[in-house]
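All values below were derived from every heavy atom in this structure, side-chain atoms included, with hydrogens, water molecules and symmetry-related copies excluded.
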Amino acid sequence: MQTLTGIFPVLPTPFRADGSADAIALARLVAFAARSGVAGVVYPGFASEVETLARGERAGLLKAVADAVGEGTTVIAGASAATAEEVVEHGKTAAELGINHLMIQPPNALGGEVESVIAFMSKIAEALPDAQIILQNAPAPRGSDLSPATIVAVVRAVRQVVYVKEETLPAGPAITHILKHRPDNLLGVFGGGGARYILDEYARGACAAMPALELAPEHVAMDRAWRAGRKDEARDIYVRTLPLLVLQAVYRMRLTKYVLMRRGALETIGVRAPTPELDASVRMDIEANLAALGIADPLPEMEGA
């Protein structure tokens with residue numbers, strides 16, 4: 001299997017004014033990602049407000065992504081759920097769409113015990129023998145916050161786990177440990193954390209990153225510069241994106257959707273997940289950062305503010 005490398009943004013879920021999910025707008029976000037040069041897209045994930053999606057919505061929206069994606073763009077389907085049976089169901093839905101890369105976060109109800117996580121992942125792997133699994137390790141309380149030693153043990157025991165998405169804090173030392181002790185079935189480690197630590201992750205050997213979507217063109221440019229050995233150029237892009245990424249850590253999907261709206265890729269910025277509102281002051285801050293990055297001209301009402 002060829003190692004996945006590059007930028008794999010997690011797509012947000014667009015919602016109409018009435019709160020319903022918008023599959024047509026989601027397809028437009030796939031097109032924006034493709035124009036940005038990403039290696040692949042991820043859907044659904046935490047940044048997709050996956051916990052707010054009904055089962056039918058989730059399946060229908062994944063189909064919209066699969067239908068919209070073009071040749072050469074990998075789709076990674078988020079298949080995390082509270083039970084192995086639900087994960088398998090999501091995995092089968094993905095397989096019917098021709099998607100065999102699955103990202104799975106072991107539920108934190110397992111307590112992080114290595115035997116429990118191995119049993120959980122083994123049950124899924126047995127039911128989905130063609131799946132290539134990305135084991136997601138997110139920080140508590142949302143994720144399981146597995147130790148690097150536990151991650152290595154799980155990968156060694158469940159051969160279909162061929163990637164790890166490591167985004168505990170700090171992720172860097174965990175990535176170093178996992179790659180130092182990597183089992184032969186592990187193809188690589190993805191960085192997460194919104195790309196706020198991407199250059200440290202790359203320097204430690206991460207093969208790819210899964211940020212949110214709003215800065216996809218900048219993240220692709222950064223990734224390409226790094227891989228071409230132009231480290232100073234990559235760091236310059238990284239430093240210029242950091243102010244927005246710091247805001248995104250707080251305002252989450254609202255900021256992602258606001259920036260995508262300002263880039264002309266999205267028309268509405270509504271969310272379902274509980275997320276802080278963007279008041280006038282923070283919008284001014286966002287607009288200043290967009291202008292500094294050359295993404296958008298200042299809005300008339302912001303000029304002179």
Side-chain angles (χ1 to χ4, degrees), residues 4-12 29 32-48 73-74 76 78 103 105 134 136-139 142-143 163-176 178-179 188-228 230-260 262-263 265 275 285-286 289-290 292-295:
L4 299 177
T5 59
I7 301 298
F8 293 76
V10 182
L11 303 174
L29 293 181
F32 169 78
R35 291 194 303 273
S36 302
V38 302
V41 294
V42 184
Y43 191 84
F46 289 152
S48 315
T73 303
T74 299
I76 298 173
M103 185 167 67
Q105 164 71 54
I134 298 99
Q136 183 179 12
N137 188 30
R142 203 171 196 180
Y163 293 97
V164 170
K165 181 189 180 186
E166 179 57 64
E167 52 186 343
T168 55
L169 298 174
I175 291 171
T176 294
I178 293 165
L179 290 176
V189 177
F190 285 71
R196 283 176 282 277
Y197 317 102
I198 185 172
L199 293 191
D200 179 54
E201 293 164 351
Y202 276 12
R204 292 172 183 269
C207 64
M210 288 187 190
L213 180 63
E214 70 273 10
L215 294 178
E218 291 72 28
H219 285 146
V220 169
M222 184 195 312
D223 174 88
R224 291 176 177 173
W226 179 272
R227 296 181 193 283
R230 303 191 305 274
K231 304 294 178 67
D232 288 345
E233 178 184 338
R235 182 160 295 279
D236 176 67
I237 299 170
Y238 172 68
V239 169
R240 291 191 298 111
T241 61
L242 271 179
L244 272 178
L245 295 181
V246 170
L247 289 172
Q248 199 268 350
V250 176
Y251 294 97
R252 308 293 297 169
M253 306 83 174
R254 286 193 195 276
L255 182 137
T256 292
K257 292 178 180 181
Y258 183 89
V259 174
L260 288 168
R262 294 290 283 121
R263 300 194 91 138
T275 312
D285 195 2
I286 294 169
N289 287 302
L290 293 178
L293 282 167
I295 289 174

Closest non-hydrogen atom pair between [X] and [Y], with its separation:
X: Glu214; Y: Leu260; result: CA-CD2, 3.9 Å
X: Arg252; Y: Arg142; result: NH2-NH1, 4.4 Å
X: Ala234; Y: Ala225; result: N-CB, 3.9 Å
X: Met222; Y: Leu199; result: SD-CD2, 4.0 Å
X: Ala265; Y: Leu29; result: O-CD2, 3.4 Å
X: Ala47; Y: Met253; result: O-CG, 3.6 Å

What distance separates [X] [atom1] from [Y] [atom2], expressed to the nearest 0.5 Å?
X: Tyr258; Y: Leu290; atom1: OH; atom2: CG; value: 7.0 Å
X: Leu215; Y: Ile237; atom1: CG; atom2: CD1; value: 11.0 Å
X: Asp232; Y: Trp226; atom1: CG; atom2: CH2; value: 10.0 Å
X: Ile178; Y: Asn137; atom1: CD1; atom2: CG; value: 7.0 Å
X: Asp200; Y: Thr176; atom1: CG; atom2: OG1; value: 7.5 Å

Do [X] and [Y] have side chains that approach each other closer than 4.5 Å (heavy atoms only, starting at C-beta)?
X: Tyr197; Y: Glu167; answer: no
X: Phe190; Y: Glu166; answer: no
X: Val10; Y: Phe46; answer: no
X: Ile7; Y: Glu218; answer: no

Evaluate side-chain contact (heavy atoms from CB on, under 4.5 Å) for Ile76 paired with Met210, printing each intermediate quantity in order.
CA-CA 11 Å; Ile76 298 173; Met210 288 187 190; 3.8 Å; yes
Donor-acceptor list for residues 244-251 side chains, cut-off 3.5 Å, not counting sequence neighbours:
| unit_1 | atom_1 | unit_2 | atom_2 | d |
| --- | --- | --- | --- | --- |
| Gln248 | OE1 | Arg196 | NH1 | 3.0 |
| Gln248 | NE2 | Thr256 | OG1 | 3.4 |

Backbone N or O of [Y] within a donor-acceptor pair of the [X] side chain at under 3.5 Å?
X: Tyr163; Y: Leu4; answer: yes
X: Ser48; Y: Leu11; answer: yes
X: Arg254; Y: Thr275; answer: yes

Could you pull out every donor-acceptor pair under 3.5 Å between side chains of residues 34-43 and any protein atom, sequence neighbours left out?
| unit_1 | atom_1 | unit_2 | atom_2 | d |
| --- | --- | --- | --- | --- |
| Ser36 | OG | Phe32 | O | 2.8 |
| Tyr43 | OH | Thr13 | OG1 | 2.8 |

With a cut-off of 6.0 Å (strictly less than), are more than 12 heavy atoms of other residues, nucleotides or ligands near CZ of Arg227?
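Enclosed: over 12 neighbouring heavy atoms sit under 6.0 Å from CZ of Arg227.
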Not counting sequence neighbours, list each pair that qualifies as a salt bridge (charged side-chain N to carboxylate O under 4.0 Å, His left out) and has a residue in residues 237-246.
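As it turns out, the salt bridge (charged side-chain N to carboxylate O under 4.0 Å, His left out) pairs with a partner in residues 237-246, which skip direct neighbours, are Asp236-Arg240.
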